[in-house]
2 protein chains.
Amino acid sequence: MDISWDDLKTVCLLVRHGTLADAADALGVNYTTVSRRVRRAEGALGEPLFERLADGYRPTARARLIAEHAARMEEAEHDLMRRLQGQDTRLSGVLTITAPQLLIAHFLSPVLDRFTRAHPEIELRILATNALVDLARREADVAIRISRNPGDSLKGRRLLAQDSASFANADWASRLAADPETMVDWIVYDAYPDVPKAATDLFPNQRVRFRFDDMVAMTGAAVSGLGVVRMPMFLGRATPGLQQVPVLDPQPYPDVWVVAHPDVWPSAKVRAFVEPLVETAKSCRSEFVA
Amino acid sequence: MDISWDDLKTVCLLVRHGTLADAADALGVNYTTVSRRVRRAEGALGEPLFERLADGYRPTARARLIAEHAARMEEAEHDLMRRLQGQDTRLSGVLTITAPQLLIAHFLSPVLDRFTRAHPEIELRILATNALVDLARREADVAIRISRNPGDSLKGRRLLAQDSASFANADWASRLAADPETMVDWIVYDAYPDVPKAATDLFPNQRVRFRFDDMVAMTGAAVSGLGVVRMPMFLGRATPGLQQVPVLDPQPYPDVWVVAHPDVWPSAKVRAFVEPLVETAKSCRSEFVA
DNA sequence: TCCATGACATGCAAATTCGCATGCGGAAGA
DNA sequence: TCTTCCGCATGCGAATTTGCATGTCATGGA
């Protein structure tokens, strides 16, 4: 009655993902392998761990108990790997960065370009997403985030302060200039679902016409003339077809941070990435504020 | 840079044991396998984990870091296995008992006999040793111990109270009876290295002649006439060639306990072993006290 | 009703991992 | 000084593990 640690991990991931294929992806093996490892674990235990159903593997209580403890083991493993990584002095290998797509598109790209030129041995992997990537679980090494408090237990540097303002396409701009009584159609971001409070009294007629969950899409919608958006100034200024409109006075927007897990922060690759980034940010300040 | 959990465990055990062969024994594999897993781990990390010396593998700081974290993983594993075992309702498979040799020889054997007759599907494994076997690490499932407090975090039942007394062979017995002035040669146990304080004033001349670390050897020495021993009464009474001598009045000796880890205690096999044992102990009380 | 899809089982061949046997070098003891 | 023992490295065949291809079954939509 002895289960190998790899089999424990396999059971854990199968409990977590529910199907052989998904667990196999997470492990980087073929799903057949997951199936067989689970079978082997069941053999070692002498009791079944999953119900085989048409839509996946359903864990028994016993399997969930295994998963719980394997999760503790996994945590220790992540902890270990982070520490090893923090001691890594090599400027080679993989470095994984995550940042919001729009920051990459309009601010980060030149930094990435210079970085890979300066360190050709480092393979840079980019996760362009607004989703919160888990640095403790080593889904990425460094994160660039737009946030008021960029991470409870993370170490980081504040790169930039930002202001937001209202932007729209040229049609809207001229319409607003011509007639303050016109109805202002807002395209708002899910995270801030109300018409911005600081909207000036200049335009008495305002309403929320669309609510989006994605800033890329909002930008496109605004360019197409669907309405007025509130967005960080760097984004409005950098987007062809948008111009600032005086519906909303510039106001503070969450800062831009670069963060990493404290264990990982000292690693050579992270230091090599962060330091020039901070310098670059300094020279870009004016693009981000009113 | 990803190390399999089994390889982490292997590195951990190599750090702990120092040589390939010992680590391999602990893992239940050939030492060649340990060598190769370590090499694979080093390859994954890109850095050496051990210095190969003439007398074994010497871990680097990095290897010790791995060992520390793998030890946390191991703890989670033991925790898991104990819990699974506690839920085990089967009366089949292996049950491991540890007890002092002399308790097995003179008290436990009939219990073991009845147990295996009643449960032929259970394979009983006995660790006959005075050394403290680690129940949290699952070195044994059940321990029978002679102790004042049989285990901080263990669950158990007190089986028997004991008295100790002084014993010697027939020669000594008659010599002591004939001449109270004779020199009493003590054979003492390392754990209690002084002449027992409660020795009666009947014999004014007493000295420590031998100090032993093992009660089996002491028993033999006493039978051979090397001196007088203080031992639990059950042992003196059960040893052919020894008789109680009045150098020392019977006095309390640490109790006999049966203990298991609380997680394991509820398991069917443990219950099946402990309950009859408690009953048997009740009927043996008189053999253990004055 | 039929088809497409998703999830799993299984046979087979390739790849990997493992254990055994042998050889090497250094240290302790005769 | 010689021998033995201990610990390790390495080559080779065996055993195990893995991935791929194929087949089955259940579900849901056209």
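Order of the sequence lines sets the chain letters (A, B, ...), proteins ahead of strands, with each chain counted from 1.
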For V29(A) versus V34(A), what's the shortest heavy-atom pair and its separation? CG2-CG2, 4.0 Å
With a cut-off of 6.0 Å (strictly less than), are more than 12 heavy atoms of other residues, nucleotides or ligands near CD of E47(A)? yes
Taking OP1 and OP2 of dA9(C), is either one under 4.0 Å from a side-chain nitrogen or oxygen of R52(A)? yes
Interatomic spacing from NZ in K9(B) to CZ in R16(B) - rounded to 0.5 Å: 9.5 Å
In terms of the angle between their ring planes, are F210(A) and F212(A) parallel, tilted or perpendicular, with boundaries placed at 30° and 60°? perpendicular
For atom CG of D7(B) and atom P of dT16(C), their distance in whole Å: 15 Å
Whole angstroms only, please: what is the CG-P distance between D6(B) and dT16(C)? 18 Å
When the rotation axes relating C1' atoms of four end pairs to the next four are compared across the helix from dT1(C)-dA30(D) to dA30(C)-dT1(D), five pairs an end, they differ to 10° by 20°
Measure from NE2 on H17(B) to C1' on dC6(D) and round the result to the nearest Å. 17 Å
Over-ring placement of R207(B) relative to W186(B), 6.0 Å and 45° cut-offs: no
Mind calculating the distance between CG (D55(B)) and C1' (dC5(D)) to the nearest angstrom? 14 Å
Spacing between L14(A) atom CG and dA9(C) atom P, to the nearest angstrom: 10 Å
Taking NZ, NE, NH1 and NH2 as the nitrogens, is one of them in E74(B) or R137(B) under 4.0 Å from a carboxylate oxygen of the other? yes
Nucleotide-resolved protein contact map, nucleotides 17-22 of chain C, B/S/- at heavy-atom distance under 4.0 Å: SBBBB-
Show the numbers, then the answer: is there a side-chain hydrogen bond (donor to acceptor under 3.5 Å, both in side chains) between D6(A) and S4(A)? CA-CA 5 Å; D6(A) 285 338; S4(A) 92; 5.2 Å; no
Whether S35(A) contacts dC8(C) is assessed here as follows: a side-chain N or O lying under 4.0 Å from the phosphate OP1 or OP2. Is that the case? no
Heavy-atom closest contact (A41(A) atom, I3(A) atom, distance): CB-CG2, 4.1 Å
Which atoms form the tightest heavy-atom contact between V188(B) and M218(B), and what is the distance? C-CE, 3.7 Å
Report, one pair per line, the protein and nucleotides 1-6 of chain C atoms (nitrogen or oxygen only) whose separation is under 3.5 Å.
none

Atom CG of L20(A) and atom P of dT10(C): how far apart are they, to the nearest Å? 12 Å
Rounded to the nearest Å, what distance is computed from the OH atom of residue Y57(A) to the C1' atom of nucleotide dC8(C)? 7 Å
Rounded to the nearest 0.5 Å, what's the gap from CG on D134(B) to CD on E139(B)? Could you check? 5.0 Å
Given the options Q85(B), R125(B), H261(B), D141(B) meets side-chain hydrogen bond (donor to acceptor under 3.5 Å, both in side chains) only with Q85(B)
